[in-house]
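Predicted, not measured: the structure shown is a model, and the values here were computed from it.
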Amino acid sequence: QVQLVESGGGLVQPGGSLRLSCAASGSIFNINAMGWYRQAPGKQRELVARITSGSNTDYGASVKGRFTISRDNAKNMVYLQMNSLKPEDTALYYCNAVLRRYAYTDYQEYWGQGTLVTVSS
């Protein structure tokens with residue numbers, strides 16, 4: 001019983017900003033890494049950003065310098081601050097978490113249902 005719920009998506013004009021949030025809940029022992037992926041119609045899902053429990057970050061080339069990922073380990077939350085948005089950023093954004101439910105289990109990957117970001121005039 002693990003759930004990832006995204007929020008913060010919506011319609012924004014080019015050059016604008018949005019902040020996405022993702023909350024992980026349920027039976028969670030600890031979370032190693034959390035991240036954001038996106039998928040536009042007709043395209044493959046791609047990495048947007050990810051962050052480890054030690055706050056190491058990785059960004060997709062197309063968003064580096066514009067987006068910032070952060071997390072609150074105590075709250076099992078991850079955020080994505082998106083600035084200077086472009087129409088090409090339009091996609092369904094999925095929250096991802098690598099976590100284990102118990103100390104004696106392997107880490108597993110979980111996904112949220114996605115939040116839609118539309119960048120358009």
Heavy-atom check, side chain of [X] versus side chain of [Y], under 4.5 Å:
X	Y	answer
S7	T115	no
C95	V78	yes
D89	R38	yes
D106	R100	no
N30	Y107	yes

Path from [X] to [Y] over hydrophobic side-chain contacts below 4.5 Å:
X	Y	value
Y94	L47	yes
L85	I69	yes
V63	V12	yes

Return the minimal non-hydrogen interatomic distance between [X] and [Y], and the atom names on each side.
X	Y	answer
S84	S17	N-OG, 4.3 Å
W36	S21	CH2-O, 3.5 Å
M82	V117	CE-CG2, 3.8 Å
L18	G8	CD2-O, 3.8 Å
L4	A97	CD1-N, 3.7 Å
M34	C22	CE-SG, 4.4 Å

Residues which pass side chain to side chain contact (heavy atoms under 4.5 Å, CB included) with K75, listed by chain and number, not counting sequence neighbours: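 Side chain to side chain contact (heavy atoms under 4.5 Å, CB included) check on K75 returns D72, M77.
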Test log, rule side-chain contact (heavy atoms from CB on, under 4.5 Å), inputs R50 and N96: CA-CA 8 Å; R50 57 179 167 231; N96 169 269; over 6 Å; no
Pairs touching residues 39-93 that satisfy ring pair (Phe, Tyr, Trp, His ring centres under 6.0 Å), sequence neighbours left out: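 Applying ring pair (Phe, Tyr, Trp, His ring centres under 6.0 Å) to every pair that reaches into residues 39-93, excluding sequence neighbours, yields nothing.
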Nearest 0.5 Å please: distance from the [atom1] atom of [X] over to the [atom2] atom of [Y].
X	Y	atom1	atom2	value
L80	E6	CG	CD	11.5 Å
T118	L92	OG1	CG	9.5 Å
Q108	N32	CD	CG	13.5 Å
Q1	I28	CD	CD1	10.0 Å
I51	N73	CD1	CG	7.5 Å

Ring pair (Phe, Tyr, Trp, His ring centres under 6.0 Å) partners for Y37, two or more places apart: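 Result, ring pair (Phe, Tyr, Trp, His ring centres under 6.0 Å) vs Y37: W111.
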Neighbour count above 12 (heavy atom, 6.0 Å) for Q113 CD: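 Open.
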CA sep, side-chain torsions, deciding dist, call: L99, N76, side-chain contact (heavy atoms from CB on, under 4.5 Å): CA-CA 10 Å; L99 60 86; N76 292 335; over 6 Å; no
Main-chain N/O of V119 paired with T90 side-chain donor or acceptor, under 3.5 Å: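 Yes, because the side chain of T90 sits within donor-acceptor range (under 3.5 Å) of the backbone of V119.
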